Amino acid sequence: EAKRTTAASMDEAMIEDGMMVLTGHGIPLSLFEEMHEKMATFFAQDIEIKRMLGDSKVYGPEGYTERGVEAVSRSTGDAEAKADAVERFTFSTMPPYNPADEPERKALQGLDVELCDVSRRYWNEMSRVLDTLHNVTADVMNVSFDFFPKHFDGNDSGTVIRLARYPEFHMDSGLMR
């Protein structure tokens with residue numbers, strides 16, 4: 001019964017709001033704090049250093065993309081839409097323990113090992129939560145529990161970690177800096 005109640009709440013949130021906030025997931029707050037700290041350190045680096053971590057002028061599958069490249073609103077067909085003010089770093093598969101161990105992942109070479117470590121732990125926790133959501137959803141849909149796992153194996157499923165940094169928004173001016 002608890003699964004059905006949870007599934008009904010998830011369904012309502014997605015229909016009403018298009019999103020949901022998960023609580024009680026068991027991910028330690030300290031992991032979120034550490035992730036935020038390592039991301040802040042990464043994004044505070046000089047732009048020239050970040051540009052060495054992927055093709056920063058292209059919205060690609062892995063590596064760094066600088067501000068002014070990504071434009072989600074263009075996905076609606078508006079080729080003239082303004083670019084988003086976001087800069088981001090994407091891991092296209094599970095982050096390595098050490099980027100030097102995976103030289104084929106060129107966009108990661110030179111990336112801080114501590115950022116890889118916390119991103120790997122974050123990936124594992126998010127995968128655990130996703131597995132739970134899949135199980136609840138499969139149960140409510142009356143499909144086999146292997147329905148979702150065969151499409152989401154964590155590495156070859158389009159699953160990514162996208163670290164994004166937006167500029168500060170100042171309410172008094174209504175402008176991003």
Side-chain angles (χ1 to χ4, degrees), residues 13 17-75 82-134 148-149 151-171 173 175-177:
D17 302 315
M19 60 174 268
M20 63 183 155
V21 175
L22 296 176
T23 59
H25 45 65
I27 301 172
L29 178 60
S30 60
L31 180 59
F32 290 111
E33 291 169 341
E34 186 181 359
M35 187 73 174
H36 186 267
E37 175 190 325
K38 297 302 179 195
M39 285 175 54
T41 300
F42 172 78
F43 287 117
Q45 295 180 103
D46 184 75
I47 187 71
E48 295 305 319
I49 293 171
K50 293 182 284 191
R51 284 179 176 156
M52 292 188 298
L53 300 168
D55 189 347
S56 68
K57 301 282 187 185
V58 175
Y59 185 73
E62 184 161 68
Y64 177 72
T65 300
E66 62 187 80
R67 280 194 183 122
V69 173
E70 181 178 339
V72 174
S73 58
R74 291 184 190 147
S75 65
K82 288 180 70 176
D84 300 336
V86 64
E87 65 176 324
R88 61 120 180 116
F89 189 90
T90 301
F91 290 98
S92 62
T93 60
M94 184 182 288
Y97 288 106
N98 184 337
D101 295 340
E102 297 185 30
E104 68 281 2
R105 294 175 76 180
K106 295 185 185 341
L108 304 185
Q109 301 312 304
L111 191 62
D112 180 58
V113 173
E114 290 181 8
L115 178 61
C116 287
D117 175 63
V118 70
S119 297
R120 185 180 187 84
R121 288 183 281 128
Y122 184 83
W123 178 288
N124 287 332
E125 288 294 325
M126 290 296 131
S127 294
R128 180 184 57 76
V129 170
L130 181 62
D131 288 346
T132 301
L133 290 172
H134 285 163
F148 291 106
H151 299 290
F152 291 89
D153 70 2
N155 272 328
D156 192 28
S157 63
T159 305
V160 301
I161 291 181
R162 184 175 183 269
L163 313 178
R165 183 174 139 224
Y166 291 83
E168 292 181 43
F169 183 79
H170 296 273
M171 295 298 290
S173 67
L175 298 175
M176 289 191 193
R177 296 182 192 188

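For clarity, every value in this text was computed on a predicted model and none was experimentally measured.
- In terms of the ring pair (Phe, Tyr, Trp, His ring centres under 6.0 Å) criterion, residue partners of Phe42 (sequence neighbours excluded) are, by chain and number, Phe89.
- Annotation: side chain of Ile27 is not in contact with side chain of Leu22 (no heavy-atom distance under 4.5 Å).
- Open room surrounds CD on Glu114; 12 or fewer heavy atoms of other groups in view lie less than 6.0 Å from it.
- Residues satisfying the salt bridge (Lys or Arg N to Asp or Glu O under 4.0 Å) criterion with Glu33, sequence neighbours excluded, are absent altogether.
- Partners of Glu48 by side chain to side chain contact (heavy atoms under 4.5 Å, CB included), not counting sequence neighbours, listed by chain and number: Asp46, Arg51.
- Taken to the nearest 0.5 Å, the CG atom of Leu111 stands 7.5 Å off from the OG atom of Ser119.
- For the pair Leu108/Cys116, no side-chain contact is recorded, criterion being any heavy-atom separation below 4.5 Å from C-beta on.
- Note: Glu125 CD to Arg128 CZ = 4.5 Å, rounded to the nearest 0.5 Å.
- Counting only distance, with no hydrogens or angles, the side chain of Glu70 and the backbone of Ala85 share no donor-acceptor pair below 3.5 Å.
- Taking CD1 of Ile47 as the reference point, atom OH of Tyr64 lies at 3.5 Å (rounded to 0.5 Å).
- By the 4.5 Å heavy-atom criterion applied to side chains, Thr90 and Thr65 are not counted as neighbours.
- Considering all non-hydrogen atoms of both residues, Ile161 and Pro95 come closest at CD1-CG, 4.3 Å.
- The shortest heavy-atom contact between Ala83 and Gly68 is CB-O, 3.3 Å.
- Residue Val72 comes nearest to Asp84 through the heavy atom pair N-OD2, 3.1 Å, listed as atom of the first residue, atom of the second, then distance.
- Within the 4.5 Å cutoff, side-chain heavy atoms of Arg67 are placed close to those of Pro167.
- Qualifying salt bridge (Lys or Arg N to Asp or Glu O under 4.0 Å) partners for Asp117, counting only residues two or more places apart in sequence or in other chains: Arg121.
- The salt bridge (Lys or Arg N to Asp or Glu O under 4.0 Å) test applied to Arg165 returns Glu87, not counting sequence neighbours.
- Within a 6.0 Å sphere centred on NE2 of His36, heavy atoms belonging to other residues, nucleotides or ligands number 12 at most.
- Contacts of Glu62 classified as side-chain hydrogen bond (donor to acceptor under 3.5 Å, both in side chains), with partners at least two apart in sequence or in another chain: Ser92, Arg105.
- In this structure, Arg162 CZ and Arg88 CZ are separated by 6.0 Å, a value rounded to the nearest 0.5 Å.
- Using a 4.5 Å cut-off on side-chain heavy atoms (C-beta onward), Leu163 and Phe43 make contact.
- In this structure, CG on Asn124 lies 10.5 Å from CE on Met126, to the nearest 0.5 angstrom.
- In Tyr97, the OH atom is not crowded: 12 or fewer heavy atoms of neighbouring residues, nucleotides or ligands sit closer than 6.0 Å.
- Met35 CE to Trp123 CH2: the interatomic distance, rounded to the nearest 0.5 Å, is 11.0 Å.
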